[in-house]
Every structure is written in structure tokens, then in C-alpha cells.
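So you know, we letter chains A, B, ... as the sequences are listed, proteins then strands, and number each from 1.
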Amino acid sequence: MDHFYTAVEEREHPEYKGKPVIVGADPKEGKGRGVVSTSNYEARKVGVKSGMPISRAWKLCPEAIYLPPNFPLYIGVSNEIMDIARKYAEKFEQWGIDEAFLDVTSKVKDYVEAEALAKQIKGEISEKEQLTCSIGIGPNKLTAKIASDFQKPDGLTIVKVGEVERFLEPLPVRKLLWVGRKTEAKLKTLGINTIGDLARYDPSVLTETFGVMGTQMHLMARGIDRSEVEPRTEVKSISHETTFEEDTADADTVLRALEALSETVSKEALDQRLLFKTVTVKVRYENFETHTRSKTLPFMTNRTQDLKKTAKELLQAYLRHDRKIRLIGVRVSSFVKGEKQKTLA
DNA sequence: TCTGGGGTCCTAGGACCC
DNA sequence: TCTGGGGTCCTAGGACCC
């Protein structure tokens with residue numbers, strides 16, 4: 001989907017159209033902490049992008065409409081869109097809240113038919129949801145994903161089997177799936193900037209430097225990706241975290257927040273009929289140093305009291321009067337589908 | 001510029017079991 | 001006397017995705 005959160009907000013509030021809109025943390029006149037989740041194209045024009053500190057967005061565009069994220073709304077719209085798209089695919093894989101892979105191998109006989117299908121999907125989403133999306137078509141997931149990002153918004157990019165390498169060659173390595181900021185920087189030190197540079201590089205050196213990931217990257221750079229479109233399996237963890245308005249070393253403040261997070265998390269586990277065994281607490285100090293500590297219980301549970309008690313124990317080591325805490329988080333994992341859920345609750 | 005929140009997957013070391 | 005080999009599970013950290 002194109003600038004999904006802000007697009008949904010514009011749809012719900014037509015008066016926002018044509019103005020810069022930013023969904024993210026409260027900017028607080030430039031003093032807010034947190035980041036931009038999504039900015040619309042008017043805000044992008046002046047340089048406001050996803051992931052940017054909200055304080056910087058304020059400097060670039062104080063006149064923008066700033067909105068807190070309305071996740072229940074976005075999830076609802078996302079579900080409707082996924083239901084539309086799913087119908088067209090033989091195999092379907094949701095990717096985050098606003099992207100999906102569709103394997104349509106058995107649905108179309110060539111790229112002409114694939115293009116027609118893509119237009120049909122765009123048409124149905126536009127008609128039913130008044131939202132635009134950008135679609136990429138390719139012989140594998142990697143190519144389709146990069147193609148989908150090639151022309152935005154409202155784009156449609158087709159890369160046929162024989163065209164993959166030529167299409168990828170000039171693009172920066174960062175466009176490859178799994179090449180993030182750190183890997184990009186490492187590759188740069190090897191003199192690798194474009195996907196073409198990577199494709200021509202000695203694969204044995206890549207494997208030496210990056211392990212399995214290096215082998216994988218060299219294949220991707222040559223347009224080779226044999227991964228399947230596969231439906232997301234069950235959820236593997238549930239977590240909530242919060243950044244304090246102000247960093248604090250006050251044990252009471254931190255414990256109260258930890259309890260609130262524990263309650264939200266255990267309620268969610270209960271709603272999803274999941275019993276958990278592992279509890280993880282996350283702490284970020286004011287200097288951004290981040291730690292996690294986890295404990296696997298000798299029993300399955302979904303009780304708030306078990307979670308609170310374990311989380312508190314795990315937090316103790318991090319509560320130091322001389323170290324201010326910026327963020328805390330609580331996560332549960334190691335699930336089994338619960339039969340005994342009701343008894344425990 | 002000063003860094004959210006929800007996730008997944010991988011790695012490496014260590015405990016423990018047979 | 002001092003140490004195999006195969007396996008699973010747990011913990012902590014880190015990279016990446018949207």
C-alpha cells in the first residue's frame with residue numbers, strides 16, 4: 001500500500017488531502033521523542049521520512065498535520081485489503097501490515113496476463129477501499145518486492161525472467177531484502193555499492209565475511225531466489241514496550257510501567273488462547289544501551305500474576321539508582337495452543 | 001537529527017541428557 | 001585419568017522487516 005497510515009487517515013478525513021500529514025509520536029512543539037511512522041507525499045517533498053525522529057520532522061515541517069497512530073483502524077483496513085488480494089492468489093503471504101506476496105503461477109499463463117491481473121487487483125482495492133497500492137511482478141519474491149518499490153505511488157512494474165539481472169544491476173545493495181544499514185556499511189568497505197558490484201564479487205570472500213548470509217546475498221544479487229510464498233504461521237511471541245516521557249531511575253515508576261505492560265501482554269495471550277513459558281524483559285538506558293533478560297518457567301501459563309512476578313525478578317538486575325532508564329518492555333514466547341487455558345485463567 | 005513499537009530469524013556459548 | 005559424539009533447550013545479543 002502507498003504511504004498506508006497517512007493514506008487511511010486522508011480517506012477518513014478528506015480535509016487533510018493536499019496537506020502534509022505525519023503519523024507518529026507527538027511532536028510536542030519539537031520536543032517530542034519517538035519517530036515518524038508514515039508521512040504522506042506532501043511531507044516527503046520537504047524531507048520527512050519514516051523512522052526519522054519526530055523532532056526533526058517538526059523542524060522540517062511544523063505546519064504538517066501530526067496524528068498519533070490509530071492501529072485498530074489500520075488493522076481493520078489491512079484485513080479487508082488482504083482479503084481482497086488473497087482471492088487472486090494460489091499462495092498468499094502477508095508481509096507486515098500493508099504488503100503481501102501473491103504466487104499467481106497457476107493463475108496466469110504469461111506476463112501479459114499477470115499485468116492484467118495486477119490491474120484488476122489495483123482496481124478492486126481502489127474501488128472498495130479508495131486507496132492506491134504499488135505492485136511488482138517478477139519470476140520470484142525478491143524481484144517482485146524490489147519491483148513493487150520501483151515506481152510509487154500507484155505503480156506497476158514488471159520484470160520478466162530474462163530482465164532480472166539488468167534490472168537489479170544499477171540499484172543500491174540496500175534495496176535487497178535483508179540488507180539493512182549495518183550490512184550496507186560493511187559492503188561499502190569492500191567497495192560494493194550496487195547490486196551489480198555484489199553480483200560480480202568473489203562469492204567465497206562474501207561467505208567468509210558474512211557466513212550463510214554472504215552466500216545468500218550473492219545469489220540474490222544475481223536475481224536468484226528460490227524461496228516459496230508461504231502463509232504466515234502462528235504467532236511466536238507477544239510483546240509490549242514503552243518509552244518514558246522522561247528517562248527515570250525511579251524504581252516505582254519503572255515497576256508500575258512494568259506491571260501495566262504485563263497486564264496488556266497477558267490479556268493478549270489470553271485472548272489468543274495461548275499459554276506461554278518464556279518471559280523476557282527489555283531495558284534501554286538513557287545512553288541507548290539495550291539489554292534483555294529472559295526466564296523460561298518450568299510450566300505453561302497465561303496468568304497475569306505469573307508474568308508480573310517473573311518480569312519483576314528479571315528487572316531487578318537493571319534497577320540501579322545511578323542509571324536512568326529510557327524504555328522497558330515485556331515479551332512472552334514459547335507458546336503452546338492451550339487446552340487448559342480456561343482452568344488456569 | 002537523536003533515535004517507536006510490534007515482530008521474526010540467526011548465532012554462539014553453555015547446561016544437560018543419553 | 002581426564003574426556004566422545006549426538007542431540008535439545010535455554011539465554012543474550014543483534015540484524016532485519018514493516
Legend entry - Watson-Crick or G-U stems involving DNA chain C, each at least 3 pairs long, distances under 3.5 Å, ordered by first number: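 DNA chain C stems, ordered by first number: B:5-18 with C:5-18.
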
Legend entry - P atoms of B/dC2 and C/dC18, separation to the nearest Å: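 These two P atoms come out 26 Å apart once rounded.
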
Inset, instruction - With P as the reference atom in both, quote the distance from C/dC17 to B/dT3 in angstrom, rounded to an integer. - result: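 It comes out at 22 Å once rounded to the nearest Å.
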
Need one value for [X]: base, sugar-phosphate or nothing, where a base atom within 4.0 Å counts as base even if backbone is also close, heavy atoms only.
X: A/Lys49; answer: nothing
X: A/Ile54; answer: nothing
X: A/Arg293; answer: sugar-phosphate
X: A/Lys186; answer: nothing
X: A/Thr290; answer: nothing
X: A/Thr242; answer: sugar-phosphate
X: A/Val179; answer: sugar-phosphate

Inset, instruction - Could you tell me whether the side chain of A/Ser37 and the main chain of A/Gly24 form a donor-acceptor pair under 3.5 Å? - result: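 Looks like no, no N/O pair under 3.5 Å.
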
Legend entry - Test item: A/Arg44 side-chain N/O and A/Pro20 main-chain N/O as donor-acceptor pair under 3.5 Å: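 No, because the side chain of A/Arg44 does not come within donor-acceptor range (under 3.5 Å) of the backbone of A/Pro20.
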
Would you mind checking if [Y] and [X] are paired as a salt bridge, meaning a charged N to carboxylate O distance below 4.0 Å?
X: A/Asp103; Y: A/Lys141; result: no
X: A/Arg33; Y: A/Asp247; result: yes
X: A/Glu263; Y: A/Lys267; result: no

Legend entry - Whichever of A/Ser237 and A/Gly51 has its nearest DNA chain B nucleotide further upstream toward 5':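 The answer here is A/Gly51.
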
Legend entry - Residue met sooner reading DNA chain C from 5', once A/Gly180 and A/Tyr318 are mapped to nucleotides: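 The 5'-side residue here is A/Tyr318.
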
Legend entry - For chain A, the stretch of DNA chain B it reaches, first to last nucleotide, under 4.0 Å of its heavy atoms: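 Listing 5' to 3', DNA chain B meets chain A from B/dT1 to B/dT11.
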
Legend entry - Validation row: A/Leu206, A/Asp202 side chains within 4.5 angstrom (heavy atoms):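 A side-chain contact under 4.5 Å is absent here.
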
Inset, instruction - Pick out which of A/Lys324, A/Lys282, A/Arg323, A/Arg326 makes a salt bridge (Lys or Arg N to Asp or Glu O under 4.0 Å) with A/Glu289. - result: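 For A/Glu289, the salt bridge (Lys or Arg N to Asp or Glu O under 4.0 Å) test succeeds with only one of A/Lys324, A/Lys282, A/Arg323, A/Arg326, which is A/Arg323.
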
Inset, instruction - Mind running side-chain contact (heavy atoms from CB on, under 4.5 Å) on A/Lys175 and A/Asp149 for me, showing each step along the way? - result: CA-CA 9 Å; A/Lys175 292 277 172 187; A/Asp149 188 53; 2.9 Å; yes

Legend entry - Partner of A/Leu307 by side chain to side chain contact (heavy atoms under 4.5 Å, CB included), out of A/Val332, A/Leu297, A/Asn302: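 Answer to the side chain to side chain contact (heavy atoms under 4.5 Å, CB included) test with A/Leu307 among A/Val332, A/Leu297, A/Asn302: A/Val332.
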
